[in-house]
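Within every chain, numbering begins at 1; the chains are lettered A, B, ... in the order of the sequence lines, protein sequences first and strands thereafter.
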There are 4 protein chains.
Amino acid sequence: MLMRARTFTESGRRAQIVRAAIEVIADVGYAKASFSRIAKQAGLSSTGMISYHFAGKDDLLAACVAEIEEVTGAFMQPRIDAAEGHVAQLRAYVEANVAMVGEHPAAVRALIDIVKNSAGQSVAVNGRLAVFEEHFRAGQAAGAFHSFDTRTVAIALTAGLDAVVVTAAAAAPGPTELSRLGRELADLYVRATAADPKEGSA
Amino acid sequence: MLMRARTFTESGRRAQIVRAAIEVIADVGYAKASFSRIAKQAGLSSTGMISYHFAGKDDLLAACVAEIEEVTGAFMQPRIDAAEGHVAQLRAYVEANVAMVGEHPAAVRALIDIVKNSAGQSVAVNGRLAVFEEHFRAGQAAGAFHSFDTRTVAIALTAGLDAVVVTAAAAAPGPTELSRLGRELADLYVRATAADPKEGSA
Amino acid sequence: MLMRARTFTESGRRAQIVRAAIEVIADVGYAKASFSRIAKQAGLSSTGMISYHFAGKDDLLAACVAEIEEVTGAFMQPRIDAAEGHVAQLRAYVEANVAMVGEHPAAVRALIDIVKNSAGQSVAVNGRLAVFEEHFRAGQAAGAFHSFDTRTVAIALTAGLDAVVVTAAAAAPGPTELSRLGRELADLYVRATAADPKEGSA
Amino acid sequence: MLMRARTFTESGRRAQIVRAAIEVIADVGYAKASFSRIAKQAGLSSTGMISYHFAGKDDLLAACVAEIEEVTGAFMQPRIDAAEGHVAQLRAYVEANVAMVGEHPAAVRALIDIVKNSAGQSVAVNGRLAVFEEHFRAGQAAGAFHSFDTRTVAIALTAGLDAVVVTAAAAAPGPTELSRLGRELADLYVRATAADPKEGSA
DNA sequence: AATGAATGAGTATTCATTCAT
DNA sequence: AATGAATGAATACTCATTCAT
């Protein structure tokens, strides 16, 4: 092997633990995702190894969120960027998010569970909310969206999206079913927000 | 003797424990709502008493949900019944639900937390979902609602409603702010679902 | 059994745990006195029982100190009170403290170890130091003691006393040897502090 | 090649680790001086290095004691040797020991903490005790000291000295305050032990 | 000679549940 | 019907030590 970075093993273990943690959270939920379970999932003989690699549970969780966001960002961002106009981008976001269930089901479920349970503290939650709000505000200014309270709508729509995604992930549907689900939800959201709903049609 | 139905709060102690549990869950969240805390809140000196009255944590939780639904149902049902037409009833439901934050803040927060953490198992969730679905189906047949996948929309809208309610409960807003919030969200949902959005306006 | 207080069992357990803790601390030292060891010594099957009866390690430790001080106070106070004059009381204190090794060897060793390791935080340490300082100050005013820095001397003499006591406790000497030791040390301290050393002779 | 004695700090690494350990013990105390902390202080990336160089924690501790004694011996010995007569040498020892707080505060605090926690096992303690005893015995034979139990007095005085030193080290006093403290304590000890206290006055 | 990953027992504390009284 | 003591497993986290590289 050529010039492998020396931190390979270390970062390999970290990645392995993060992956295991994501799977466990997706499986049993944030609340029951103990170091024990994660260690077992990762094939480690003790929880000490996790503490060795991560400063604490928060640190591990943060690493999970970062990993998931990287993965999901790589999947979603191109699809969102490909859309033009505020309404079309909203649609693209929703469809990409639902489509992700087919690609990274564990990551999707885990992220939503983490976000749900760390409530206000998480950067991720507030981050996404803020992005939605800002998108709505800009779209309203451009006349693409109705006039509505951006914060309330952002909260309602992101939560609804998460719920649909989580339900879908549990059912493990095929890709066609998933894209139908995505379109269905996107239609709903466009009707709810677009000044002229026809603008955002696929 | 006529079989008088034994309500879920068959004895005074049970009711007392259930009420304490709801308060604790509302206060510290489902995850940290231990028997210890609940016993303390209920003025009991031992957790054994809880185990004595309830088969387990799940049993207690179920009793909490039942109690909360009774309370909230009593508040919401009249308002929903007062509305005429499918769209108007959807609006009434949403507004009543948001308004409830001002009336029974602990019950509202506790219920959502329980539902969130017991995920798919809960009867309550599925019950409400089924009601929404059925309402949408009937409304579609009557031409009041758009054509859409009732299940997906039910999931998205109930989750969004919960999120708004929970956010509102955390902020402890005044009654006028609450009714504004309710109208805002109801508007959104009517736009999203009504065949002719104007039909459901207040 | 007649009218036993209802808290008997509970307080009995507490006392039992405190006694076990004192023995363990005397045996293996403060640092290694874990809940595990204490539970084993107390014949408890788990450490949970200790946490059940005490708010934490500090609480248990405080209870130990209180228990020890009660025991030792009961032993020493009469002997100190029986002495007249500042110098004689110093002598009485020293001799009583050394004599206690024969009566409550574990308590003595445990107390010193706790005091040593909780350093500045402990009320007990500073309390005894303050008592010594005040005794010296009063004695100086009365012309019984030399002129010296009361704080420094208090620190040196209490530490020396503790060291002698601990050493003696480890050797498990007989009562005559103990009283010889006490006299020896009292002589030293009287010579070191008394304006006229002869005043304090037994 | 001539057998050049391998000092206890045989290699640079060993010395580096010992120095780090002393600093850590002085900083956080014996109880919390873990290999982790020491490795970090020494700039080592792993605790394995410490285990590699030392047979165990005891071994490392022994090396620390040896190192400290070398350092402190170099400071104190000339001052002691400069004094003439048994009483004067006792005074010189006490004053030099207290003065050392200003010169090697870390070494002083670390040594006392190690000695305190390794109790009777330590060679160092017993070594110093033996030196004191022997000094007292010789002084008694020469008529310089009172007649007293040399062992008991040695224990009491060394412990008292340590306590004063440790208290002083915590307060970080200036040099004049330190020398006052040293004189104060030396006075006390001379009064306690000298056949004719005036003999040993500075 | 040195590294850093791995181990496994250790820490205090909390938990739901059981049981004799 | 109720108490409160007891249990034993679970929690995250730290420790000194070992070992292959």
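The backbone N or O of C/H53 lies less than 3.5 Å from no partner atom in the side chain of C/R13, so there is not a single donor-acceptor pair.
Of the residues in residues 23-40 of chain C, those placing a heavy atom less than 4.0 Å from an atom of DNA chain E are C/S34, C/F35, C/S36, in numerical order. At a non-hydrogen distance threshold of 4.0 Å, A/S45, A/S46, A/M49 from residues 41-49 of chain A come into contact with DNA chain E.
Under the side chain to side chain donor-acceptor pair (under 3.5 Å) criterion, A/E67 pairs with no residue at all, not counting sequence neighbours. Scored by the side chain to side chain contact (heavy atoms under 4.5 Å, CB included) test, B/E23 finds B/Q41 as partners (sequence neighbours excluded). In this structure A/A26 satisfies the side chain to side chain contact (heavy atoms under 4.5 Å, CB included) test together with A/A106, A/R109, A/A110, sequence neighbours excluded. Not counting sequence neighbours, the partners of D/V166 by the side chain to side chain contact (heavy atoms under 4.5 Å, CB included) test are D/I112. By the side chain to side chain donor-acceptor pair (under 3.5 Å) test, D/D162 pairs with D/R128, sequence neighbours left out.
You won't find any donor-acceptor pair under 3.5 Å spanning the side chain of A/Y52 and the base of E/dA6, going by distance alone.
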If you look only at distance, which donor and acceptor atoms sit under 3.5 Å apart when one is on a side chain in residues 29-39 of chain D and the other is two or more places apart or in another chain?
{"from": "D/S34", "atom 1": "OG", "to": "D/R37", "atom 2": "N", "distance (Å)": "3.3"}
{"from": "D/R37", "atom 1": "NE", "to": "D/K32", "atom 2": "O", "distance (Å)": "3.0"}

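At a threshold of 4.5 Å between non-hydrogen side-chain atoms, the residues C/V18 and C/F54 count as touching. Looking only at side-chain heavy atoms (C-beta outward), A/I25 and A/L111 stay at 4.5 Å or farther from each other.
A/Q16 places its CD atom 12 Å from the C1' atom of E/dA5, with the value rounded to the nearest Å. The nearest whole Å value for the distance from the CG atom in B/L61 to the P atom in E/dA16 is 11 Å. The CD1 atom of B/I50 sits 13 Å away from the P atom of F/dA2 (whole-angstrom rounding). Distance, A/K57 NZ to F/dT14 C1': 17 Å, rounded to whole Å.
A close approach under 4.0 Å does occur between a side-chain nitrogen or oxygen of D/H53 and OP1 or OP2 of E/dA2. Proximity of D/R13 to the phosphate of E/dA1: no side-chain N or O atom is located under 4.0 Å from OP1 or OP2.
Atom CD1 in B/I50 sits 6.5 Å away from atom CG in B/L60 (nearest 0.5 Å).
Counting only Watson-Crick and G-U wobble pairs whose two key distances fall under 3.5 Å, DNA chain E forms stems of three or more stacked pairs at E:2-21 with F:2-21.
Place D/A55 and A/D58 on DNA chain F by their nearest nucleotides, and A/D58 ends up nearer the 5' end.
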Legend entry - Intermediate values then yes/no, side chain to side chain contact (heavy atoms under 4.5 Å, CB included), D/V115 and D/V65: CA-CA 9 Å; D/V115 160; D/V65 170; 5.8 Å; no
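With distances taken from any side-chain atom of B/S51 to the nucleotides E/dT17, E/dA5, F/dA5, the minimum falls on E/dT17.
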